[in-house]
Every structure is written in C-alpha cells, then in structure tokens.
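What follows is one structure encoded as structure tokens, with my remarks underneath.
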Number of protein chains: 2
Amino acid sequence: MEVLMRSLKMGINDELYIKDPESSDLGKKIVEQSILLLDEVGFEQFTFKKLGTRIKSNESSIYRYFENKNKLLLYLASWHWAWMECRMVFETNGIPDPKEKLKRAIEILTQNVEYDSTVSHINESVLNKVIIDEYSKSLLVREVSKEKRDGYCIIYMRLVERLCKMIIAVDKGYPYPNSLASTVLEGTLYQYFLKAHFPALTDCDGDITPTDYFTDLVFRAIKK
Amino acid sequence: MEVLMRSLKMGINDELYIKDPESSDLGKKIVEQSILLLDEVGFEQFTFKKLGTRIKSNESSIYRYFENKNKLLLYLASWHWAWMECRMVFETNGIPDPKEKLKRAIEILTQNVEYDSTVSHINESVLNKVIIDEYSKSLLVREVSKEKRDGYCIIYMRLVERLCKMIIAVDKGYPYPNSLASTVLEGTLYQYFLKAHFPALTDCDGDITPTDYFTDLVFRAIKK
DNA sequence: ATATATTGATAGTAAAACTATTATTTTTGC
DNA sequence: GCAAAAATAATAGTTTTACTATCAATATAT
C-alpha cells in the first residue's frame, strides 16, 4: 500500500492553486508547514505572512502558489478527502459481502487518522485535526458560483456517493442513503470536534469511538 | 403561545454583549438588521460599517453594543437556540408518552422555521437561514477559554441535554444518547445546508424533509 | 553561456477592525 | 420645564490584513 500511495498523485482540482505545489520544493514546504501553522493558530489567525516567516520564504512567493488562504484550505481539504477515498477504496476492495464492505468503509472513514509517513511532506494526522476544526469554513458559499463550488468539492462529493452506494448495496429499500452517507462524514468531524471542545455533548471519549457510534447507527438504520 | 413568547426575555449570556440590545431601539435595530444583512452578504462580508450605513447609524455606536461581529453572531445563535428550546419545551409539555414526546421534539427541532412575528424585531425564519450557513463559524475555539466558550453556548448545550434525556426516556439502554442528540441538531443544519448548496449529497428535497429523515433514523436507532 | 523561470526583497494600496475624542441629541429626575 | 446624565453621531486616527507591483537575485535548462 505504501508504495502505491507514494507514487499516487492526488487528482485535485487545478483551479484550487495557481502553481501546483507538488511541482517544487517551495510548494511542498508551503503545504507541509501550512498544515502545522493552521493547527497551531487556527484559520482566522493564519496569514501568508506568518507562513512566509515560518518557512523562511516570502509572502509574495506563497501568493504565486495560492490565490488566498481559503483556496489553500480547500486544497488541503481536497487532499484529505482524496486520501480518505484512496484508503477506503483500497481497504474495501475485494470484500465480497456488502455488509462487511460497508462496515469496513465506515471504520476507515470514522477512525482517527494516525500519523503515516507515506507522503513525506504531509502529516495526515495533523491535517485531520485541522479538517475537524476548520473544514466548514472552507465551503465558500457566497464568493463563488455553484459550478466552481462543486468543482472544488468534487472529491468529497464522490466519497459521499461511494458510501451511499455501499449503503444501497446492503439495503436497496432504505429511503435516505445520501443523507445517511453525508451524516456519517460530517457527523464524524462533528463528534471529534465535540470530543475536543465540548465533551459533554458526545459519548465519544477514550473508550467509545465515533466508529462505534456510527457503525451501530448505520446498521440499525438500514437493517430491516 | 404568542403572548407568552412576546413577554419572554431570552436568558442570553451577558458576556455576549456590552450593552443589552433589548434595552433600546437602536439595540433592537442592530439585531434586526444584522440578521438581514448577514443573510444577504454572509459573515465574511458583513461589517459593522455596512450595518451602520444600513440602519443609518454610526459604526462606533454598534461597537457599544457588541465587541465584534463574532460575538454578535454568537448572540444571534443563542437567541435562535433559546427560541428552539422554548418552542420544544412548550410543544412537548404535557405529552405523557415518551415516544410521542420525543417524536414531537424531533419534529420541532428539525422543521424549517416559519416566519412568525411573535418577537417583532427578529425574523426567526431568516435567522434560521443565517444559522444554517454560518453557525459553525460562531464557535470561537481558539480565541477563548473553555469556560467562556461553554458559557457562550450554554443554551445549545442545554438543548442537546434535553433531547438526550428524551432519548433515554424511550430507551434507557441506548449507549450513545448524547451523540445521537447532537447529531440530530447539527445534522439538521447540515442537511438544510446541503439542500441549499449541494443537493446531490442529500435526499432532502421538496418532498422528503430533514424531519422525515431524522425521525426515522432516531427511532430505528433506539428501537430494540 | 545565455535565456528563462523561479524566488526574494521592498514598497505600496485598500479595506477591515477597531479606539479615541468631542459634539450633539435624547432621556430622566426633580 | 430645566439641568444633569446618558446615549448617539461625527470625525479622525491606528493597526493589521490581504493583497499587488516592481525589480533584483538566483537557480535551471538548453
């Protein structure tokens, strides 16, 4: 798997960047360090100036890669969802039983992402934390046309669709497969968010995981 | 109900404002028009300067009511959740059967809020739209201590707790009542959000409502 | 070795997010 | 009805952010 991943170039919408950050050392450093800086200071306090200082490069150089910090966050989110999709497809491939397949998919999608040095310059575990706290801020709802927005989020949309199809494969009569799939993905981020910031509002703690909760929920929902 | 509501002063954390906006005409106008402006331009483009122009008042006057636009949004969110709590308690009060009670609560909490002139200066229907698009941006996670954050969100937390208790009243053995309750509240906003901006990711449309989806989901989850 | 692309350094602009000061208006107590 | 107090308006100023523009320095490619 590691070998496969390393050589895999994520198909991220090229309108999210000006110059492909994968194409140079500076670009990779921008991506690498933006994740760490976002984790440290949050999206609101994050600026290209601070990032420039941190990577000992210039603010204006960063602007040559990304239009603004919103696009950068969307780029990172795309990367994250591409990574999740990749892992999900890989790990469920070849499971013949639809129930087992769905179970494994939910497991992958709701698990806390562990550090994995597969893609050297991206710390996927820290990126996961960033997505939990900031993902909702990346959805540029006003600034952008519907078509562009869909383009920016295409990987996420595809992931919901995949999960939706797995749900249908287990119970083709279930009337809300899209909603259930999107609830699992968004709800997972939300439960981790609550665990970190409002623990009284979730049962997920050291013992119970979002995986436990959502696996139970989905199978109770679709089991006739 | 209307009479009760009109006289009801929502118990909103007084650290969310500098001067109580309910205490003056200007204050009410700030709240009234901020909802409409937020709906029109979104949180990012919203400024106190624009709001000042709109209400033919001065930027600096608005700063005497609210520290900044984040606090204003949190104030509005508190108002919204207080209103939901109020309606939920009122509408479920006196229902003896726990199942019926829970069903009615979910109905209230997941329904689209209709315009209601009960509180003259607040258009709760537009506020509901604003909350759907912007609520997640109101959770000041970095800027503020855990205690303050809890204080700001106390009404929302209480609402989750109430719903949680209603779930337990139907099935005291269900292992994830807090998570299910928070999923219903957050998930409802999310399903409406998707309906408006990414309709392919939800089954909720003109026909199917979030109420249908979540009523079904909750009762499948807790029915043994 | 030279043309080309990339990056760095510096400077500058426009707007946002406030703060401070003073003037004017409105409210309230008496 | 009037003086004192409170609230609001007008104006101006500060700092920070989010960029853009220009040009110099450096790396790379042929």
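Quick note on labels: first sequence line is chain A, next is B, and so on, each numbered from 1.
- Between B/Tyr17 and B/Phe66, the two ring planes are perpendicular [angle over 60°; tilted spans 30° to 60°].
- Taking atom CZ on B/Phe48 and atom P on D/dT8, their separation rounds to 15 Å, with Å as the unit.
- The closest donor-acceptor contact from the side chain of B/Ser182 to the backbone of B/Ser179 lies under 3.5 Å.
- Between D/dA9, C/dT7, C/dA17, one nucleotide has an atom nearer to the side chain of B/Leu26 than all others, and that is D/dA9.
- For the 3.5 Å distance criterion, the side chains of B/Tyr176 and B/Thr183 fail to qualify, holding no donor opposite an acceptor.
- Ring to ring, A/Tyr135 and A/Tyr156 are close: their centroids are under 6.0 angstrom apart.
- For C/dG8, one of the phosphate oxygens OP1 or OP2 lies less than 4.0 angstrom from a side-chain nitrogen or oxygen of A/Ser61.
- What separates CD1 of B/Ile62 from P of C/dT19 is a distance of 14 Å, to the nearest Å.
- As a whole-Å value, the separation of A/Asn70 CG from D/dT17 C1' is 13 Å.
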Practice prompt. Given salt bridge (charged side-chain N to carboxylate O under 4.0 Å, His left out), test A/Lys148 with A/Glu15 step by step and report yes or no.
Written response: CA-CA 9 Å; A/Lys148 280 189 183 272; A/Glu15 284 179 52; 2.9 Å; yes

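- Whole-Å rounding puts the A/Ile30 CD1 to C/dT7 C1' distance at 10 Å.
- Contact annotation: A/Tyr65 side-chain N/O to C/dT7 OP1/OP2 distance is under 4.0 Å.
- The interatomic distance linking A/Leu51 (CG) with C/dT7 (P) rounds to 14 Å, in whole Å.
- Going from atom CZ of A/Arg54 over to atom C1' of C/dG8 covers 20 Å, rounded to whole Å.
- Within 4.0 Å of B/Ser57, counting heavy atoms only, lie sugar-phosphate atoms of the nucleic acid but no base atom.
- Between D/dC19, D/dT11, C/dA17, one nucleotide has an atom nearer to the side chain of A/Glu59 than all others, and that is D/dC19.
- Looking at heavy-atom distances under 4.0 Å, B/Tyr63 makes contact with a base.
- The distance from atom NZ of B/Lys56 to atom P of C/dT25 is 18 Å, rounded to the nearest whole Å.
- Taking only side-chain atoms of A/Lys19, from C-beta outward, the nucleotide of C/dA9, C/dT6, D/dT8 with the closest atom is C/dT6.
- Residue order along DNA chain D, read from the 5' end via each residue's closest nucleotide, puts B/Ser60 first among B/Ser60 and A/Glu44.
- In this structure, of C/dT7, C/dT10, D/dA10, it is D/dA10 that holds the atom nearest to the side chain of B/Asn58.
- Look at CG on A/Leu72: it is 17 Å from P on D/dT17, rounded to the nearest Å.
- The phosphate of D/dT8 has OP1 or OP2 within less than 4.0 Å of a side-chain N or O from B/Ser24.
- The phosphate of C/dA17 (OP1 or OP2) has no side-chain N or O of B/Lys49 nearer than 4.0 angstrom.
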